[in-house]
Amino acid sequence: MLKKEIEKIINKAIKQWIKKEQLKIKNVPVFCVEFPPPNIAGDFSCNVALVMAKEIKSSPYALARKITMLIDTTNICNKVEIAGAGFINFFISPGRLYEELEAICKQGEMYGKENIGRQELIQIEFVSANPTGPLHIGHGRGAAIGDALANILTFIGYKVEKEYYVNNRGKQIEVLGCSVMLQYDKISGQQLDRKEKKYLEEKKSEDIYKGEYIEEIARKIFNDKKYNKIEKGRERGHWFFEKAAIEIIQGWIEQVLNDLGVKFNTWFQESKLYEKKGRQTQIDKVTTLLKKKGYLYDKDGAIWFASSKLGDEKDRVVVRKNNEPTYLASDIAYHYDKFVQRKFKKVINIWGADHHGYVARLKGVITALGYNPQDLKVILYQLVSLYRGGKQIAMSTRKGEFVTLREVINEVGPDVCRFFFLMRGANSSLDFDLEIAKKQSPENPVYYIQYAHARICSIFKEAEKKNYSCRKKNIQLELLKEPEELELMKKLAFYPDIVQLCARKLEPHHIVIYLQDLAKNFHSYYNKFRILSDDIALRQARLKLVKGIKKIISNGLNLLGVSVPEKM
RNA sequence: GCCCCUAUAGCUCAGUUGGAUAGAGUACUGGCCUCCGAAGCCAGGAGCGCAGGUUCGAAUCCUGCUAGGGGCACCA
């Protein structure tokens, strides 16, 4: 990776300089190497002189001069320049760019792969929507981000596990079961005097799930032989409908995520935390543990978690008066399972922004369990608003009026869907316009990037047709000397930096921006220069260049989980 | 009332650890296919919500304000 190499070179130079001048500086200060603004000449820029100037009591410019003298750039640069207030600018030499292009073509998918993660075990938990209905579009965003991050982290050497936490117990599941049961009775024409009816009558009617999917589930249970065989002859309580409904809904969820290209390693059932392992459940285990540590106390007949001591705004109930554990109890046990039982070194949770109030509590849990809250990263993504032709589509989960993820995928296709979810940072709310997403125009950047790839494939087909040989060896890359060609090679060489940036910040969208940029450079180059030139040596060199571009586009799209078409 | 996110070009958004003259796309106008895919290319304007502060330097950090979105259960 070029950036790291330059950092190393600078570090070395500074250490030499400190030794030479016998300065009393313990550590080389924190500086950064980055891309200079577009109007500035140079490929990488370093601010070390500006950062150090104050401590040394010297002008940044003079300092930069001294450091520059000691910089050994033979491997990577052909020029180092001081600019502005004292920036040190590096110019990557063409020779080095040719080497990188060779590496890209040779290594293919492996180009830029590193072992930064050192196979550390890391878990990403995402989507985790309650199995009480189909996924909606917001869940899609979480799915796309989580899956892309998993790809990126795996690529740089982490051992990543993707997990979906299934909340298959609790009040909302009871309501689901009852809601389905009501519909079932309607369909079957049976008017059983169920004890659950009383329960439902006591509830406000809003509590019952509406929406067509409830009827669909009830119909499926009624028609499917599988369910008819189960418990035949016995009256079915709401628990039966709960189980069947969850099974059906989870099937839908798995299917739609699968169609989006998202596969989980584990579907962790919340109910597992309540199963006895030996004498006690996981819940019992953590309750005992936290009690021993003094984080739990009794008040008003309930058991409380002293989260206010751990950074939360107030204490929270863990076990209710009626002896039922709360959701938090499950989450404590669940994260105990993640960190203690399964030994994940780092855990990433991806939540919708509406859960932000929960972050402090859960970090408190991690602390209470004796782990570093830094090892739990929570990524909050802002809400997705759906538009059609500039008009917002109103959604209400409660009323069952919402556009499902399924419908969106069916309408715009999985590639566009994933791409749109990934093109913005998680902190920005996302406007998803179905009309734009469907358009196959430059307004829609997915096709722009895919088109660049398809175009390159087409060039190779054309070359084959004309019986142009694509030599593998002795290609004169020095012939690539147009500014556009050098620029393209630089972009390609930056790919590993971009991937690592995404990994460091847990933000996949930088790859999207990068690919758009790369595609733009390519299209522009293509229009200006002829790849299949009559000059054989030049043609070979240019074919190699576009081959490199093709590889990088394909690698990038793969990390995002977007398909890479050879023709479109 | 408290907490989180957001505010950058007419619109949708980038902007790396604070760095140099803040970038794309779209829309608008005009041009480019006898030649590798026109789903493309080239050329043209405008902007960091407001007010302070920190510093060599602020879209970026701090404080206050304004506007929009979300959240504040013994629901999950």
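Since we're looking at a predicted model, the values are computed, not measured.
Although no hydrogens or angles enter the test, the distance criterion places no donor-acceptor pair under 3.5 Å between the side chain of A/Asn521 and the main chain of A/Leu488.
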CA sep, side-chain torsions, deciding dist, call: A/Phe494, A/Phe35, ring-ring contact (aromatic ring centres under 6.0 Å, His included):
CA-CA 10 Å; A/Phe494 290 158; A/Phe35 309 133; 4.5 Å; yes
Go through the steps to decide whether A/Tyr387 and A/Phe432 satisfy the test ring-ring contact (aromatic ring centres under 6.0 Å, His included), and finish with yes or no.
CA-CA 6 Å; A/Tyr387 289 76; A/Phe432 196 120; 10.0 Å; no
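Looking at heavy-atom distances under 4.0 Å, A/Ala53 makes no contact with the nucleic acid at all. When heavy atoms are screened at a 4.0 angstrom cut-off, A/Phe31 is found touching base atoms of the nucleic acid. Residue A/Asp517 is classed as having no contact, given no heavy-atom separation below 4.0 Å to the nucleic acid. Contacts of A/Ala454 with the nucleic acid, taken as non-hydrogen atoms under 4.0 Å apart, include base atoms. Within the 4.0 angstrom heavy-atom criterion, base atoms lie near A/Leu50. In this structure, A/Ile513 reaches the sugar-phosphate backbone alone: every heavy-atom distance under 4.0 Å involves primed, P, OP1 or OP2 atoms, never a base. Nucleic acid contact class of A/Lys461 (heavy atoms, under 4.0 Å, all strands): none. Contacts of A/Gly425 with the nucleic acid, taken as non-hydrogen atoms under 4.0 Å apart, involve only primed sugar atoms and P, OP1 or OP2. Using a 4.0 Å heavy-atom distance criterion, A/Tyr468 is classed as making no nucleic acid contact.
Only the C1' atoms considered, B/G49 is 23 Å distant from B/G57, to the nearest whole Å. With both ends at atom C1', the span from B/C11 to B/C4 equals 27 Å, rounded to whole Å. Using atom P as the reference point in both B/G45 and B/A24, the two lie 12 Å apart (nearest Å). Comparing the same atom, P, in B/C48 and in B/U21 gives a spacing of 16 Å after rounding to whole Å. Between B/U54 and B/G15, the two C1' atoms lie 22 Å apart (nearest whole Å). When the P atom is used for both B/A58 and B/A51, the distance is 16 Å, rounded to whole Å. Look at the C1' atom in both B/G64 and B/A46: the space between them is 30 Å, to the nearest Å. Taking the C1' atom of each, B/G47 and B/A9 are spaced 5 Å apart, rounded to whole Å.
Closest contact between the side chain of A/His509 and the listed nucleotides B/A39, B/G15, B/A38 involves B/G15. Considering only side-chain atoms of A/Glu34, the nucleotide from B/C5, B/U16, B/A14 that sits closest is B/U16. In the set B/G37, B/U12, B/A76, the nucleotide with an atom closest to the side chain of A/Asp431 is B/U12. Picking from B/U6, B/A14, B/U16 the nucleotide with the shortest atom distance to the side chain of A/Arg424 gives B/A14. When each of B/A20, B/A76, B/U16 is scored by its nearest atom to the side-chain atoms of A/Asn130, the top-ranked nucleotide is B/A76. For A/Val30, the listed nucleotide lying nearest its side chain is B/U17; candidates were B/C36, B/C74, B/U17. Of all nucleotides listed (B/A73, B/C74, B/U6), B/A73 comes nearest to the side chain of A/Lys314.
Atom P of nucleotide B/G40 and atom CG of A/Asn527 are separated by 10 Å, given to the nearest angstrom. What separates OH of A/Tyr451 from C1' of B/A38 is a distance of 6 Å, to the nearest Å. Across the protein-nucleic acid pair, A/Glu435 atom CD and B/U12 atom P stand 17 Å apart, rounded to whole Å. One atom, CZ of A/Phe522, and another, P of B/C42, lie 13 Å apart when rounded to the nearest Å. In this structure, A/Gln450 atom CD and B/G40 atom P are separated by 13 Å, rounded to whole Å. We find that CG of A/Asp497 is positioned 15 Å from C1' of B/U17, with the value rounded to whole Å. Between the CE atom of A/Met423 and the P atom of B/U26 there is a distance of 12 Å, rounded to whole Å.
For B/A14, the OP1/OP2 oxygens have a side-chain nitrogen or oxygen of A/Ser428 closer than 4.0 Å. Phosphate proximity of B/G15 to A/His510: present, with a side-chain N or O under 4.0 Å from OP1 or OP2. Contact between the side-chain N/O atoms of A/Tyr448 and the OP1/OP2 oxygens of B/C41 is found at a separation under 4.0 Å. Here A/Lys528 does not reach the OP1 or OP2 of B/C42: none of its side-chain N or O atoms lies under 4.0 Å away. Under 4.0 angstrom from either OP1 or OP2 of B/C42 there lies at least one side-chain N or O belonging to A/Ser524. Residue A/His523 places none of its side-chain N or O atoms closer than 4.0 Å to OP1 or OP2 of B/A38. Between A/Arg455 and B/A38 there is a side-chain polar atom (N or O) within less than 4.0 angstrom of OP1 or OP2.
Both A/Ala85 and A/Arg316 sit near RNA chain B, but only A/Ala85 has its closest nucleotide nearer the 5' end. For the pair A/Tyr327 and A/Pro60, both in contact range of RNA chain B, the more 5′-proximal nearest nucleotide belongs to A/Pro60.
Across all strands shown, B/A20 remains unpaired; no Watson-Crick or G-U wobble contact has both distances below 3.5 Å. In this structure B/U63 sits in a base pair with B/A51, meeting the Watson-Crick or G-U test at under 3.5 Å. Figure legend. B/G40 is base-paired to B/C32; pairs are counted as Watson-Crick or G-U wobble with both atom distances under 3.5 Å. Pairing for B/C11 is with B/G25, a Watson-Crick or G-U wobble pair whose two hydrogen-bonding atom distances lie under 3.5 Å. Across all strands shown, B/C72 is found opposite B/G1 as a Watson-Crick or G-U wobble partner, with both distances under 3.5 Å. The partner of B/G57 is absent, by the rule that a Watson-Crick or G-U pair needs both atom distances under 3.5 Å.
You'll find the ring centres of A/Tyr451 and A/Tyr447 outside the 6.0 Å limit.
Taking 90° from 0 as the syn/anti boundary, the base of B/C33 is oriented syn.
Electrostatic pairing of A/Glu125 and A/Lys338 counts as a salt bridge here, judged by a charged N lying under 4.0 Å from a carboxylate O. Looking at A/Glu411 and A/Arg388, a side-chain N of the basic residue comes within less than 4.0 Å of a carboxylate O on the acidic one, giving a salt bridge. Taking 4.0 Å as the cut-off between side-chain N and carboxylate O, A/Glu242 and A/Arg169 do not count as a salt-bridged pair.
A/Val51 is not listed as a side-chain neighbour of A/Val30, based on a closest heavy-atom distance of 4.5 Å or more.
Stacking between A/Phe87 and the base of B/A20 is present: ring centres sit under 5.5 Å apart and the planes differ by under 30 degrees.
Scanning atom types as modelled, no donor and acceptor separated by under 3.5 angstrom connect the side chain of A/Thr132 and the base of B/A76. For A/Asn47 against B/G19, a side-chain N or O and a base N or O form a donor-acceptor pair under 3.5 Å. Applying the 3.5 Å distance criterion, the base of B/A20 shares a donor-acceptor pair with the side chain of A/Asn89. Between the side chain of A/His356 and the base of B/C3 there is at least one donor-acceptor pair of N/O atoms closer than 3.5 Å.
Between A/Trp304 and A/Tyr297, the ring-plane angle classifies as parallel under the 30° and 60° cut-offs.
Side chains of A/Asp284 and A/Thr287: no donor on one and acceptor on the other come within 3.5 Å.
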